[in-house]
Amino acid sequence: MPTAQDRLWSDYETHHLTGGNKVCHMVGIPLIIAGLLGLLAIPLARVGGVPLDLSLLLLLLTGCAYLWLDVKLGLAMIFFSFLLYFGARLLPWPITLGLFVIGWAFQFVGHGVYEKRSPAFTDNLAHLLVGPMWVLNHFVHLKGGKLENGT
């Protein structure tokens, strides 16, 4: 019997079947993540001399969700999310805003021009978390299923 995580993953894949849409996601989702993490790199407090910002809180929450979805891929997602965070927090906010907007433009081109289907998150907001893992899995192949054999 498929788990809730398997059903989320499978449902997400049904919204991303065309090559053009997949490429748009490979470009757009990392841009969205970098833009969002850069925009949210707003210090809230200092803990032991280390600034604690909204991006780190977001990474903590999403990291827990990524681990729930798939432990191996979740660990890889956390690692790559922190890499994006450390780079994006150095950028000026207009650049991170641009990354965020351009990333979303790629998503809407992918679904509007290539897939001709609304994004998966319009049916289930959990797909906003599945999407970044789906993109990462195309590069690291840690999660089994259709993605490992390239379809």
Side-chain angles (χ1 to χ4, degrees), residues 2-16 21-112 115 117-148:
T3 65
Q5 295 92 326
D6 292 335
R7 287 190 300 274
L8 277 171
W9 191 267
S10 178
D11 185 45
Y12 190 86
E13 284 188 336
T14 65
H15 286 77
H16 303 87
N21 191 26
K22 289 178 183 181
V23 169
C24 285
H25 280 62
M26 299 302 151
V27 174
I29 286 179
L31 291 176
I32 291 168
I33 294 170
L36 183 62
L37 292 175
L39 288 169
L40 295 179
I42 302 164
L44 297 174
R46 295 186 84 72
V47 177
V50 177
L52 178 63
D53 60 41
L54 285 173
S55 289
L56 288 174
L57 293 176
L58 178 64
L59 288 174
L60 177 66
L61 293 173
T62 57
C64 291
Y66 293 146
L67 293 173
W68 177 77
L69 286 165
D70 185 275
V71 173
K72 286 192 298 186
L73 190 55
L75 288 170
M77 191 66 215
I78 291 167
F79 174 77
F80 284 105
S81 295
F82 271 98
L83 288 180
L84 286 173
Y85 164 73
F86 287 121
R89 66 190 280 256
L90 301 174
L91 298 172
W93 76 264
I95 300 293
T96 59
L97 178 61
L99 293 174
F100 186 77
V101 170
I102 291 167
W104 277 108
F106 270 98
Q107 301 311 292
F108 290 111
V109 167
H111 282 282
E115 199 73 35
R117 185 172 183 189
S118 63
F121 73 84
T122 61
D123 295 331
N124 185 341
L125 289 177
H127 288 292
L128 290 170
L129 294 169
V130 175
M133 292 180 75
W134 182 84
V135 167
L136 180 61
N137 195 60
H138 274 77
F139 298 103
V140 298
H141 305 291
L142 292 175
K143 183 161 179 59
K146 291 182 181 179
L147 293 181
E148 271 191 350

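Quick note: numbers below take in every heavy atom, side chains included, and nothing from hydrogens, waters or symmetry partners.
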I need the [X] [atom1] to [Y] [atom2] distance, nearest 0.5 Å.
| X | Y | atom1 | atom2 | answer |
| --- | --- | --- | --- | --- |
| L128 | Y12 | CG | OH | 8.5 Å |
| L61 | L129 | CG | CG | 10.0 Å |
| I102 | L97 | CD1 | CG | 9.5 Å |
| L69 | C64 | CG | SG | 11.5 Å |

### Query
Got a sec: does the CH2 of W68 have more than 12 other heavy atoms crowding it under 6.0 Å?
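Yes - once you tally the heavy atoms of other residues, nucleotides and ligands closer than 6.0 Å, there are more than 12.
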### Message
Walk me through whether D11 and V130 qualify under side-chain contact (heavy atoms from CB on, under 4.5 Å).
### Response
CA-CA 10 Å; D11 185 45; V130 175; over 6 Å; no
Check: residues 78-86 side-chain donor-acceptor pairs under 3.5 Å, at least two apart:
residue : atom : partner : partner atom : Å
S81     : OG   : M77     : O            : 2.7
Y85     : OH   : D53     : OD2          : 2.7
Y85     : OH   : R89     : NE           : 3.4

### Query
What do you reckon, are the aromatic ring centroids of W134 and F121 less than 6.0 Å apart?
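No, they do not, as the ring centres are separated by 6.0 Å or more.
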### Query
C24 and V109: which non-hydrogen atoms are nearest, and at how many Å?
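For C24 and V109, the tightest heavy-atom pair comes out as SG-CG1, 4.1 Å.
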### Task
Check P51 against R46 and note the closest heavy-atom contact, atom names and distance.
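Reported closest heavy-atom pair: CB-NH1, 3.8 Å.
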Show the atom names and distances, to 0.1 Å, of all donor-acceptor pairs under 3.5 Å that link a side chain in residues 30-44 to residues at least two apart or in another chain.
none

### Query
Can you list every pair that meets salt bridge (charged side-chain N to carboxylate O under 4.0 Å, His left out) and has a residue in residues 63-85, with sequence neighbours left out?
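Listed by first then second residue: D70-K143.
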### Task
Applying ring-ring contact (aromatic ring centres under 6.0 Å, His included) between H25 and each of H111, H138, H127, H15, report the one that passes.
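Per the ring-ring contact (aromatic ring centres under 6.0 Å, His included) rule, the option paired with H25 is H111, out of H111, H138, H127, H15.
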### Pairwise side-chain contact, F108 with P119, heavy-atom cut-off 4.5 Å (strictly under)
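Heavy-atom side-chain distance check passes, below 4.5 Å.
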### Task
Establish, from distance only, whether the side-chain atoms of W9 and Q5 form a donor-acceptor pair under 3.5 Å.
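No donor-acceptor contact under 3.5 Å links the two side chains.
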